[in-house]
Amino acid sequence: MDKKKISELIAQLSLEEKASLCSGHDFWHTKEIERLEIPAVMMCDGPHGLRKQVGEGDHLGINVSIETTCYPTAAALAASFDRKVMEKLGTALGRECQAENVAMLLGPGLNMKRSPLCGRNFEYFSEDPYLAGEMGVAYIQSLQAEGISACVKHFAANNQETARMSGSSQMDERTLQEIYLPAFEAAVKKGGTRSVMCAYNAINGIFAAENKELLTDTLRERWGYDGFVVTDWGAVKDRVKGLVAGLDLEMPGGIGVQDDQIVAAVKDGTLDEAVLNKAVTHMLEFVADYQEQRKPETSIDRAANSILSADLAAQCAVLLKNTDNTLPLKEEENIVFIGEFAQRPRYQGAGSSHINVTHAIGALEAAVGKNVTYAQGYDVHSEENDAGLLDEAVNAAKKAEKVVVFAGLPDSFETEGCDRDTLAIPDNQNNLISAVAAVNPNTIIVLHGGAAMELPWLDEVKSVLCVYLGGENIGTATVKLLYGETNPSGKLAETWPIKLADNPSYLNFPGENGIVDYAEGIFIGYRYYDKKQMEVLFPFGYGLSYTSFSYSDLHLDKEAIQDTDILMVNCKIKNTGSVAGREAVQLYVRDEISSVRRPVRELKGFEKVELEPGEEKTITFPLDKRSFAYYETAIHDWFVESGKFFVEIGASSRDIRLSAEVEVTGTIELPMHYTKQSTVGDLMKTAKGRKFMENMMAKRQRHSSEAAADSAQNMGEGSEKMVQKMMIEMPLGALVTYGSMTFEQLDDLLKMLNS
Ligand code: GLC
């Protein structure tokens with residue numbers, strides 16, 4: 001199908017045929033129109049493996065799918081802080097899709113981790129929109145370079161599983177635009193995603209599947225998106241309203257009742273056929289793109305992909321604790337692996353992303369040939385203590401030099417479709433860990449799970465390595481990390497709070513009667529914990545290494561910039577330890593003084609750098625307007641408020657190593673409409689207002705300098721501050737009451753200011 005001939009094709013399609021193209025043929029295919037040689041194409045889940053079903057389709061991972069490779073899930077991948085990890089994944093997945101003739105992969109998931117309880121957090125990258133956006137862009141670009149469409153999801157504000165198909169995420173404009181949309185915005189503007197999947201839920205009462213503000217005004221008009229929009233499976237509400245709002249394709253297909261509604265709406269004049277033609281154009285462009293980039297000869301090497309999965313997982317794991325350098329293990333040490341996850345690791349999540357794996361490799365299998373014994377320790381399908389298993393594990397621990405307990409969240413604790421109700425891991429695992437640590441001080445914990453967990457035994461153990469959900473070959477990666485063949489280099493892409501009640505959404509999760517109040521606003525994740533100066537278990541961006549790094553020589557190429565400039569930031573990182581390692585260097589921006597509430601600092605850059613012992617490298621970060629801006633609702637856009645900013649380089653959000661000031665001048669004046677209720681402080685926000693105030697103050701100064709001198713003498717401590725504050729908050733109308741001006745002068749002033 002020639003993309004340039006799509007308008008001719010549309011002219012040849014009947015109304016019924018056009019309507020039929022706006023829904024799928026079945027669970028996974030678009031419709032074909034044989035007489036015009038329009039083929040059906042296939043789309044499948046994602047995001048961290050190809051879930052292709054050739055038989056009965058489903059969207060919950062219940063029916064079988066073909067055997068493919070399962071890679072680390074998003075929660076793990078984000079912890080790599082490495083765009084190259086995402087690029088390798090996207091390339092491998094793109095080739096698998098070509099080999100299996102799948103035109104689109106449903107991923108990546110770009111929803112923010114608002115609460116650590118969300119059941120699908122394992123499929124999402126972070127609590128930070130910049131990190132999530134950058135990782136998503138790298139995945140999209142490499143996947144699409146293989147001729148396969150990405151499909152970023154779930155657009156937007158799908159941050160929980162509870163009532164996901166009926167609930168409404170309620171938030172103010174700034175919160176939506178500054179936290180919940182930017183990762184999607186990056187996916188469109190920087191990633192060039194060819195498809196967007198709208199979420200099940202509503203945003204401020206309007207379902208995503210028929211939300212024009214979201215699907216057209218924001219997505220297409222403001223961001224310039226020219227791909228197509230597909231529903232989440234079963235998300236459509238009113239098909240015609242959806243089309244008008246910007247929804248192109250309804251999935252799953254195969255029923256077609258909604259197609260008839262489209263035909264009827266065009267016939268009775270309630271739907272402009274041009275709207276239908278636009279949706280059909282988007283669909284046909286998607287099919288034509290795939291035909292153009294089809295590489296049927298692509299073959300895949302499953303064994304190589306399984307090794308790749310292990311290599312990627314090894315870059316994601318986060319070393320959370322390592323007292324007395326208990327890790328890495330030595331080959332000669334007598335080790336016991338305890339816990340069913342050592343044999344049968346939890347390496348992916350349940351639901352639509354569930355990959356049918358030929359063979360998952362656990363740490364025990366990967367450790368064959370090493371000085372390692374095993375004890376099951378617990379039954380992963382139960383939360384009850386098993387006395388026999390516990391005794392066996394404690395006895396084994398007594399005999400070993402070091403103990404590695406494999407623990408974390410079972411499938412029953414976190415899954416698509418329902419949210420967690422606790423941050424705890426199963427009690428029988430907690431009891432096992434304490435019992436083992438009581439008899440062997442050299443106890444190490446390997447954690448599997450898709451999001452933050454509570455670790456009540458943290459002070460009882462020497463080391464903790466979090467491998468998240470690390471894909472089918474997590475065992476190989478874990479053994480390499482435990483024995484130091486690979487140096488852990490992951491850093492947390494989400495804050496781990498000390499307890500569930502500390503988290504910012506706690507009072508408003510999962511909402512009531514389907515209404516979810518995002519009352520914490522922009523203050524999610526570290527933005528919240530930092531602002532509240534709260535202790536956390538592990539901060540955003542935190543992760544240890546078997547080596548150490550020094551940070552130095554922070555240099556900004558300008559001391560002062562306008563918000564239209566690019567600021568180049570350089571710094572040096574040196575490996576000051578004795579083994580090679582990688583460091584995820586983070587750049588944060590802090591707005592020292594702001595007229596609006598802002599987080600203490602925000603991530604605006606990161607680079608993963610690999611260093612041999614003693615090696616030093618310079619890293620460069622370009623900062624642009626969005627590095628300093630906040631979303632200003634008065635102009636419905638991003639805005640930089642002039643003032644002093646700090647550029648900070650950190651090993652984590654709470655381990656800032658370098659800092660430098662930069663003066664930034666905003667080039668946009670906020671539109672102000674002044675009234676008698678506007679305050680003197682409001683006047684100071686515009687040049688005209690400032691000029692007027694300066695003149696007025698100068699005049700007052702000349703007439704009453706003596707009186708001012710006396711009153712200054714009489715005023716007590718702090719009165720000056722009180723007068724200043726009262727002045728700033730003085731409504732302009734009160735200036736007349738206090739005799740500073742007449743009503744006529746005030747009217748003239750308002751006319752001048754609003755002209
Ligand atoms: C599911 C998920 C979505 C998935 C789709 C198809 O309900 O929400 O992520 O891609 O349906 O399985």
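First listed ligand is number 1; within each ligand, the first listed atom is number 1.
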Is the shortest side-chain N to carboxylate O distance from [X] to [Y] below 4.0 Å?
| X | Y | value |
| --- | --- | --- |
| K237 | E210 | no |
| K153 | D45 | yes |
| E221 | K212 | no |
| K491 | D128 | no |
| R51 | D58 | yes |
| K295 | E146 | yes |

Checklist entry - More than 12 heavy atoms of other residues, nucleotides or ligands under 6.0 Å from NZ of K84: is that the case? => result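 Incorrect, the count does not exceed 12.
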Next on the checklist: Is M197 close enough to touch ligand 1? Criterion: a residue heavy atom under 4.0 Å from a ligand atom.
Outcome noted: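 The answer is yes, since M197 has a heavy atom less than 4.0 Å from ligand 1.
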Item to check | H154 to ligand 1, any heavy atom closer than 4.0 Å | outcome: yes
Residue, atom name and distance, where the atom is the protein heavy atom closest to [atom]:
| atom | result |
| --- | --- |
| atom 5 (C) of ligand 1 | D232 OD1, 3.4 Å |
| atom 7 (O) of ligand 1 | Y200 OH, 2.7 Å |
| atom 4 (C) of ligand 1 | D45 OD1, 3.3 Å |

Distance filter under 4.0 Å to [X] heavy atoms, resulting ligand 1 atoms:
| X | result |
| --- | --- |
| E416 | 1 (C), 2 (C), 7 (O), 8 (O) |
| K153 | 3 (C), 4 (C), 9 (O), 10 (O) |
| L106 | 10 (O) |

Taking heavy atoms and a distance under 4.0 Å, where does [X] meet ligand 1: side chain, backbone, both or neither?
| X | answer |
| --- | --- |
| M251 | neither |
| R51 | side chain |
| R164 | side chain |
| F27 | neither |
| Q53 | neither |

Next on the checklist: Under a 3.5 Å threshold, yes or no: a donor from one side chain and an acceptor from the other, between Y518 and S169?
Outcome noted: yes
Checklist entry - D248 and salt bridge (charged side-chain N to carboxylate O under 4.0 Å, His left out): which partner among R220, R194, R239? => result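 For D248, the salt bridge (charged side-chain N to carboxylate O under 4.0 Å, His left out) check succeeds only for R220.
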